[in-house]
Amino acid sequence: MGSGKPRTGNQRLFAFWKYSSFPYILGGEVARFCDNGLVYIESYRSTFRPVRVVLYAEGKKLWDEMSALRQEHDDAEKKLREDFLAKAEKLFGEVLDGR
């Protein structure tokens, strides 16, 4: 792992990278750039291949928007599950274990 400084000098940076599970993209503050093009994210204690690197303020805003999208997804999924269980319980006349 290289110890290079962020390319914009002392400005804080935020990176996003693809992830194979929901929410399919993650992000965090860049601790350093590596010689192989990866970024080291201290909060994950790992390196990632970024799909976007932005100034920290913009990254934090994007992260907050992603958090809102994740919450929207979770709320919709919960409602869908509750609706399904209500219909299944009505169909079988039994309280199911999904609650």
Side-chain angles (χ1 to χ4, degrees):
M1 216 176 331
S3 58
K5 294 286 182 186
R7 293 183 188 112
T8 57
N10 292 329
Q11 292 184 343
R12 293 169 66 189
L13 299 175
F14 207 100
F16 294 91
W17 58 93
K18 292 179 183 180
Y19 188 65
S20 61
S21 299
F22 183 81
Y24 308 110
I25 193 157
L26 296 175
E29 185 175 2
V30 175
R32 65 182 172 271
F33 287 91
C34 304
D35 296 334
N36 59 2
L38 301 179
V39 291
Y40 181 78
I41 308 296
E42 182 65 39
S43 59
Y44 285 89
R45 295 186 177 150
S46 193
T47 58
F48 304 95
R49 182 159 314 282
V51 294
R52 183 179 291 181
V53 178
V54 296
L55 293 175
Y56 183 84
E58 181 183 348
K60 180 70 171 92
K61 181 181 176 195
L62 286 168
W63 186 253
D64 290 345
E65 289 176 27
M66 280 295 298
S67 294
L69 283 174
R70 284 193 309 269
Q71 186 61 54
E72 189 178 312
H73 171 274
D74 292 348
D75 293 346
E77 188 176 62
K78 180 181 176 187
K79 181 172 181 354
L80 183 62
R81 184 174 31 263
E82 289 170 352
D83 290 349
F84 172 85
L85 284 169
K87 290 174 184 177
E89 288 170 352
K90 184 176 180 182
L91 185 63
F92 287 97
E94 296 279 336
V95 174
L96 302 177
D97 290 338
R99 295 192 189 269

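For the numbers below, each heavy atom of this structure counts, side chains included, while hydrogens, waters and symmetry mates do not. The structure presented is a predicted model; accordingly, all values stated were derived computationally and were not measured.
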Margin query: Let's go through L38 and R49 carefully: what are the C-alpha distance in whole Å and the side-chain angles of both, what is the deciding distance for side-chain contact (heavy atoms from CB on, under 4.5 Å) to 0.1 Å, and is it a yes or a no?
Written below: CA-CA 5 Å; L38 301 179; R49 182 159 314 282; 3.6 Å; yes

Next item on the list: Measure across W17 and A15 and return the closest heavy-atom pair with its distance rounded to 0.1 Å.
Entry: CZ3-O, 3.5 Å

Notebook entry, point to check: After noting the C-alpha distance and the side-chain angles of V53 and F33, does the key distance pass the side-chain contact (heavy atoms from CB on, under 4.5 Å) rule?
Noted result: CA-CA 11 Å; V53 178; F33 287 91; 4.0 Å; yes

Next item on the list: Sequence neighbours left out, what passes side chain to side chain donor-acceptor pair (under 3.5 Å) with K79? Give chain and number order.
Entry: D83

Notebook entry, point to check: For E94, does the CD atom sit with more than 12 other heavy atoms under 6.0 Å from it, leaving out its own atoms?
Noted result: no

Notebook entry, point to check: Does F16 have any ring-ring contact (aromatic ring centres under 6.0 Å, His included) partners at least two apart in sequence or in another chain, and if so, which?
Noted result: F14

Checklist line | For F22, side chain to side chain contact (heavy atoms under 4.5 Å, CB included) partners two or more places apart | finding: Y24, R70, H73, D74

Notebook entry, point to check: Mind checking what makes side chain to side chain donor-acceptor pair (under 3.5 Å) contact with Q71, not counting sequence neighbours?
Noted result: D75

Note to self: Rounded to the nearest 0.5 Å, what separates atom CG in L69 from atom CD1 in I25?
What the structure shows: 11.5 Å

Note to self: If the condition is side chain to side chain contact (heavy atoms under 4.5 Å, CB included), which residues does A88 pass it with, not counting sequence neighbours?
What the structure shows: F84, L96

Notebook entry, point to check: Can you list the steps and then say if L13 with V54 is a side-chain contact (heavy atoms from CB on, under 4.5 Å)?
Noted result: CA-CA 6 Å; L13 299 175; V54 296; over 6 Å; no

Next item on the list: Please list all pairs passing the side-chain hydrogen bond (donor to acceptor under 3.5 Å, both in side chains) test where one or both residues lie in residues 52-63, with sequence neighbours left out.
Entry: K60-D64

Item checked: Whether over 12 other heavy atoms sit under 6.0 Å from Y19 OH -> no

Notebook entry, point to check: Heavy-atom distance under 4.5 Å between the side chains of V30 and I41, does that happen here?
Noted result: yes

